[in-house]
Amino acid sequence: MTGRIVAAPPPAPPGDVAARATAGFRQRYGGEPAGRWAAPGRVNLIGEHTDYNDGFVLPFALPLRTVVAAAARADERWTVWSELDDDPVEFGPAEADEPGRVTGWAAYVAGVVWALRAAGHAVPGARLAVASDVPVGSGLSSSAAIEAAVLAALVDLGGLDLPAQRWPRLAQQAENDYVGAPTGIMDQSAVIRGRPGHALFLDCRSEEVEQIPFDLDAAGLAMLVIDSRAPHRHADGEYAARRRSCERAARALGVPALRDVPADGLDAALARLDDDETRRRVRHVVTEDQRVLDSVALLRAGRVRDIGPLLTASHTSMRDDFEITVPEVDTAVEAALAAGAYGARMTGGGFGGCVLALVEASAADAAAAAVAAAYAERGFAAPATVTALPAGGVTRLD
Ligand code: ADP
Ligand code: MG
């Protein structure tokens, strides 16, 4: 049931995503691509708003993928077409070398060219055609998927000497410094380093990663990924405000980051803060880091179902302490739990995005239907739900 749509599918272009990339390449450029490269979307299993506090996250790669069909060209120019847009975008070294010159979606591609060139690599000119099953802007990291697929294509086409452990940093630089979107390294790490049947435990301070067994299929479980379809309300401003609040709290507590407040030192730390809102923000971050560590320990012990209560506690903490949920995601979580999910939580930065629910595989359809019914009752736009097994990271297809 990998990636199977179980309720209210979003409108997707017809046909297999890799076939669509090839068809786009043929139609736009004529001839055949030299190869196809695919990178997945991702979700974060647990660890929300912990990344910029130097803490822990536990994402996994999804079966939904972005595919780039590409071929090198003789001159030093890059042409890119995406099925999201009618017209291809073309740029050369002058635009690639100056962040901000290429704008819109093609900036994610120019950003990768820029990051590679800035690191001293001879990036081959190329024609690229992009197709994707990763929904854009739903918090499943379509941005990291396109970056990783383009990066893999350019590295292979140019025979560049760039070990895969350096790819996440380069893709992040493309997004931070060329596109101008401030993100941590979680998304790029997950879509590049993801492994089937595993989640990626990432220490955002040391950037060390560890593959953690998370074989839902073998356990008879499924993860519902429910796109809440909630309109993003003030998400950027609220994100910045949470970040500032955490930084202020760390300064007040005299630690480099909230990661340095141990769970068993939480009460003492809270007693030193004088306003209730800041205390609740700190409590979320510190308890969330601990929930990641506890989840990792349970998964290492093969106790997959037992992470359910941690997922739900994470949601409660985001709802009550960090105050980043909205009625749609709270409704999806409550309905999934009422339908028998072991645990459920919003995933991503908040104010919309997706909800995860851990369910018996045999109960996935019923849980998705229960969420859809709860939405209908409240008059919300129908949610889109897929069941997803942890998948592999970026690869060359052929
Ligand atoms: P998310 O990563 O959560 O999907 P972002 O806002 O970070 O949302 O990234 C979405 C942006 O990435 C899109 O607006 C577009 O500019 C770019 N993008 C992602 N996937 C594609 C694609 N298949 N084709 C063209 N642009 C894409
Ligand atoms: Mg993104």
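Keep in mind that the numbers below use all heavy atoms, side chains included, and drop hydrogens, waters and symmetry copies.
- Here the straight-line distance linking atom CG of Asn44 with atom CZ of Phe60 works out to 9.0 Å at 0.5 Å rounding.
- Rounded to the nearest 0.5 angstrom, Ile307 CD1 and Phe214 CZ are separated by 4.5 Å.
- Exactly one residue among Asp203, Asp51, Thr50 makes a side chain to side chain donor-acceptor pair (under 3.5 Å) with Arg259. That residue is Asp203.
- In the hydrophobic clustering of this structure, Trp37 does not group with Leu62; members are Ile, Leu, Val, Met, Phe, Trp, Tyr whose side-chain heavy atoms approach within less than 4.5 Å, directly or through other members.
- Listed by chain and number, the residues in a salt bridge (Lys or Arg N to Asp or Glu O under 4.0 Å) with Asp85 amount to none (sequence neighbours excluded).
- Using a 4.5 Å heavy-atom cutoff, the side chains of Pro59 and Thr347 are not in contact.
- Counting only distance, with no hydrogens or angles, the side chain of Arg378 and the backbone of Ala374 share a donor-acceptor pair below 3.5 Å.
- Taking the charged nitrogens against the carboxylate oxygens, Glu323 and Arg242 have no contact shorter than 4.0 Å, which rules out a salt bridge.
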Salt bridge (Lys or Arg N to Asp or Glu O under 4.0 Å) between Glu288 and Arg291, worked out:
CA-CA 5 Å; Glu288 185 78 352; Arg291 283 186 287 271; 2.9 Å; yes
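- The backbone N or O of Glu328 lies less than 3.5 Å from a partner atom in the side chain of Tyr375, making a donor-acceptor pair.
- Under the 4.5 Å side-chain criterion, counting only non-hydrogen atoms from C-beta, Phe322 is not in contact with Arg280.
- Judged by distance alone, the side chain of Glu334 and the main-chain N or O of Thr331 form no donor-acceptor pair under 3.5 Å.
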Assess whether side chain to side chain donor-acceptor pair (under 3.5 Å) is satisfied between Thr79 and Arg28, documenting all intermediate values.
CA-CA 10 Å; Thr79 311; Arg28 294 289 147 180; over 6 Å; no
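- The distance from atom OG1 of Thr312 to atom OH of Tyr342, rounded to the nearest 0.5 Å, is 12.5 Å.
- Side-chain contact check for Arg229 versus Phe380: every heavy-atom pair is 4.5 Å or farther apart.
- Other residues sharing a hydrophobic cluster with Ile185 under the 4.5 Å side-chain heavy-atom criterion for ILVMFWY residues are Val57, Met186, Leu200, Leu202, Val209.
- Annotation for Ser141 and Val134: closest pair C-CG1, 4.3 Å, computed over non-hydrogen atoms.
- Under the ring pair (Phe, Tyr, Trp, His ring centres under 6.0 Å) criterion, Tyr239 pairs with His49, Tyr52, sequence neighbours left out.
- The cluster map of Ile, Leu, Val, Met, Phe, Trp and Tyr, joined by side-chain heavy atoms under 4.5 Å apart, puts Val130 and Val67 in different clusters.
- Val155 and Leu397 fall into different hydrophobic clusters, where Ile, Leu, Val, Met, Phe, Trp and Tyr side chains are chained together by heavy-atom contacts under 4.5 Å.
- Using a 4.5 Å cut-off on side-chain heavy atoms (C-beta onward), Val326 and Val329 make contact.
- Side chain of Asp54 to main chain of Leu258: no donor-acceptor pair is present (N/O by atom type, distance under 3.5 Å, no hydrogens or angles).
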Decide yes or no on salt bridge (Lys or Arg N to Asp or Glu O under 4.0 Å) for Arg305 and Glu360, but give the supporting numbers first.
CA-CA 9 Å; Arg305 284 170 182 76; Glu360 287 296 329; 2.8 Å; yes
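- Summarising the geometry, atom CD1 belonging to Ile324 is positioned 9.0 Å from atom CZ belonging to Arg281; distances are rounded to the nearest 0.5 Å.
- Shortest non-hydrogen contact noted between Pro168 and Ala164 is CD-O, 3.4 Å.
- Among the candidates Val102, Val150, Ile146, the single residue satisfying the side-chain contact (heavy atoms from CB on, under 4.5 Å) test with Tyr108 is Ile146.
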For a salt bridge (Lys or Arg N to Asp or Glu O under 4.0 Å) check, start with the C-alpha distance between Asp320 and Arg283, then their side-chain angles and the critical distance, and finish with the verdict.
CA-CA 10 Å; Asp320 299 342; Arg283 187 164 59 197; over 6 Å; no
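- Partner of Arg36 under the salt bridge (charged side-chain N to carboxylate O under 4.0 Å, His left out) criterion, out of Asp398, Asp16, Asp156: Asp398 alone.
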Counting only pairs under 3.5 Å, give me each side-chain donor-acceptor contact of residues 111-119, with atom names and distances, residues two or more places apart or in other chains.
{"from": "Arg117", "atom 1": "NE", "to": "Asp97", "atom 2": "OD1", "distance (Å)": "2.8"}
{"from": "Arg117", "atom 1": "NH1", "to": "Glu76", "atom 2": "OE2", "distance (Å)": "3.3"}
{"from": "Arg117", "atom 1": "NH2", "to": "Asp97", "atom 2": "OD2", "distance (Å)": "2.9"}

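- Between Glu247 and Arg243, some side-chain heavy-atom pair lies under the 4.5 Å cut-off.
- Side-chain heavy atoms closer than 4.5 Å link hydrophobic residues (I, L, V, M, F, W, Y) into clusters, and following such links, even through other members, never connects Val68 to Val17.
- Counting heavy atoms from C-beta on, the side chains of His198 and Pro390 never come closer than 4.5 Å.
- Checking side-chain atoms of Arg20 against main-chain N and O of Ser132 turns up a donor-acceptor pair under 3.5 Å.
- Side-chain contact check for Arg300 versus Glu210: some heavy-atom pair is nearer than 4.5 Å.
- The CD atom of Glu175 lies 8.5 Å from the CD atom of Gln172; values are rounded to the nearest 0.5 Å.
- Residues Leu45 and Met223 are in side-chain contact: their nearest non-hydrogen atoms beyond the backbone lie under 4.5 Å apart.
- The CZ atom of Arg195 lies 4.0 Å from the CD atom of Gln211; values are rounded to the nearest 0.5 Å.
- Between the Ser82 side chain and the Leu84 main chain, a donor and an acceptor come within less than 3.5 Å of each other.
- Partners of Trp78 under the ring pair (Phe, Tyr, Trp, His ring centres under 6.0 Å) rule, at least two apart in sequence or in another chain, are Phe91.
- Residues passing the ring pair (Phe, Tyr, Trp, His ring centres under 6.0 Å) test with Tyr29 are Phe25, sequence neighbours excluded.
- Side-chain atoms of Gln188 do not come within 3.5 Å of backbone N or O of Ala144 as any donor-acceptor pair.
- By the neighbour-count criterion of 12 heavy atoms within 6.0 Å, atom CG of Asp276 is densely surrounded, having more than that number from other residues, nucleotides or ligands.
- In terms of modelled atom types and a separation under 3.5 Å, the side chain of Asp289 and the main chain of Phe56 share a donor-acceptor contact.
- A donor-acceptor contact shorter than 3.5 Å is absent between the side chain of Asp227 and the backbone of Cys354.
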